[in-house]
Amino acid sequence: MSATDFELPDTEGVRHSLSGSDAAATVVYWTCNHCPYALAWEERMHAVSRDYAARGVRTLAINSNDAERYPGDSPAAMAERVAEEDWPHPFLYDETQDVARAWGAERTPHVFVLDADLDLRYEGAPDGDYEDESRDADWVRSALDAVLAGEDVAEAKTDAVGCTIKWR
């Protein structure tokens with residue numbers, strides 16, 4: 001399956017698209033500011049971004065939550081978080097929720113690993129236990145290692161675990 005392209009703004013208003021990159025692989029994951037699962041896995045996902053950037057991997061985080069019902073997930077709140085924390089990748093806002101729907105994203109976090117051709121190679125959770133930091137997003141890392149080596153991903157799909165996306 002090829003990923004649906006998108007163009008979304010980050011916390012500074014810069015627009016990012018999926019296409020047009022020469023990345024060897026791309027990690028796209030849904031997250032937000034308030035979900036305890038997303039927050040538990042956040043540093044692990046940031047570490048993946050930092051660790052794989054030199055290998056040509058691009059990481060994009062997306063928030064699709066309804067900001068009217070959940071103001072803590074508003075673009076202003078996202079920008080405040082990014083300014084206070086050391087985010088190694090863009091944090092994008094999907095105001096219409098069209099991108100989440102097109103991708104079938106259901107939870108925060110919900111991770112998608114794409115190869116250089118933007119074909120889906122892994123979908124699911126970062127790892128098997130949000131409470132165990134030592135897992136270090138090992139499912140995402142295994143998928144990336146396989147993609148970068150030109151191999152099949154051993155476990156291409158796991159269940160995304162976390163809070164549901166807050167739909168309008």
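Along the sequence shown, residues are numbered consecutively beginning with 1.
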Does any part of the side chain of F6, heavy atoms only, come nearer than 4.5 Å to the side chain of D98, both counted from C-beta?
no

Interatomic spacing from NE2 in H46 to CH2 in W87 - rounded to 0.5 Å:
4.0 Å

Enter the distance from S19:OG to L118:CG here, rounded to the nearest 0.5 Å.
7.5 Å

Sidechain-backbone polar pair: T31 side chain, T108 backbone, donor-acceptor under 3.5 Å:
no

Answer yes or no: is there an ion pair linking R121 with D115, defined by an N-O contact shorter than 4.0 Å?
yes

Residues K166, D73: salt bridge by 4.0 Å N-O rule
no

Test V153 against V113 for side chain to side chain contact (heavy atoms under 4.5 Å, CB included), laying out the working first.
CA-CA 10 Å; V153 175; V113 174; over 6 Å; no

In this structure, CZ of R44 is separated from OG of S134 (nearest 0.5 Å) by 8.0 Å

Considering all heavy atoms of both residues, which atom of V48 and which atom of A137 are nearest to each other, and what is their separation?
CG2-CB, 3.7 Å

State plainly whether one hydrophobic cluster holds both L8 and L114, where clusters connect Ile, Leu, Val, Met, Phe, Trp and Tyr through side-chain heavy atoms under 4.5 angstrom apart.
yes

Taking a hydrophobic cluster as the set of Ile, Leu, Val, Met, Phe, Trp and Tyr residues connected by side-chain heavy atoms closer than 4.5 Å, whether directly or through intermediates, do I165 and L60 fall within one such cluster?
yes

Minimum heavy-atom distance P71-A77, with the two atoms named
O-CB, 3.9 Å

Taking a hydrophobic cluster as the set of Ile, Leu, Val, Met, Phe, Trp and Tyr residues connected by side-chain heavy atoms closer than 4.5 Å, whether directly or through intermediates, do V82 and Y29 fall within one such cluster?
yes

Is R107 reaching over with its side chain to a backbone N or O of V161, donor-acceptor style, under 3.5 angstrom?
no

Can you establish whether the number of heavy atoms outside E12 located under 6.0 Å from its atom CD is more than 12?
no

Assess whether a salt bridge exists between D86 and R50, defined as any Lys/Arg side-chain N lying under 4.0 Å from an Asp/Glu carboxylate O.
yes

Out of curiosity, H110 NE2 to D159 CG, how far, rounded to the nearest 0.5 Å?
9.0 Å

Nearest 0.5 Å, what's the OH-OH distance between Y130 and Y37?
4.5 Å

SB check D145 R55 (cutoff 4.0 Å)
yes

Taking the side chain from W103 and the backbone from T4, do they hold a donor-acceptor pair closer than 3.5 Å?
yes

Q97 side-chain N/O to S64 backbone N/O, donor-acceptor pair under 3.5 Å
yes

Is there a side-chain contact between R15 and D10 (heavy atoms, below 4.5 Å)?
no

Do the charged groups of D127 and R141 touch, with an N to O distance under 4.0 Å?
no

Measure across V147 and A24 and return the closest heavy-atom pair with its distance rounded to 0.1 Å.
CG1-O, 4.2 Å

I'd like to know whether L148 forms a side chain to side chain contact (heavy atoms under 4.5 Å, CB included) with V57, so could you lay out the CA-CA distance, the side-chain angles of the two residues, the decisive distance to 0.1 Å, and finally the verdict.
CA-CA 9 Å; L148 295 172; V57 175; 4.0 Å; yes

Between D129 (side chain only) and E131 (backbone N and O only), is there a donor and an acceptor less than 3.5 Å apart?
yes

Check the surroundings of atom CD in E133: do more than 12 heavy atoms from other residues, nucleotides or ligands lie under 6.0 Å from it?
no

May I ask you to check whether W139 and Y122 place their ring centers less than 6.0 Å from one another?
no

Do L144 and V27 have side-chain heavy atoms sitting under 4.5 Å apart?
yes

Would you check if the distance from the ring center of W30 to the ring center of F112 is below 6.0 Å?
yes

Mind listing the closest non-hydrogen atom pair of A160 and P109 along with its distance?
CB-O, 4.0 Å

Looking only at non-hydrogen atoms, find the nearest pair between R58 and S17 and report the distance.
NH1-O, 3.0 Å

Return the minimal non-hydrogen interatomic distance between D136 and A47, and the atom names on each side.
OD1-CB, 4.5 Å

Supply the atom-to-atom distance C32 SG to Y70 OH, rounded to the nearest 0.5 angstrom.
10.0 Å

Do F91 and H89 have ring centres separated by under 6.0 Å?
no

T96 side chain reached by R101 side chain, heavy atoms, under 4.5 Å:
no

Less than 4.5 Å apart, any side-chain heavy atom of N65 and any of H34?
yes

Would you find a donor on one side and an acceptor on the other, under 3.5 Å apart, between the side chain of N33 and the backbone of G72?
yes

When you check the gap from the basic side-chain N to the acidic O, do D138 and R135 get nearer than 4.0 Å?
yes

So does N63 get a backbone contact from the side chain of D94, meaning a donor-acceptor N/O pair under 3.5 Å?
no

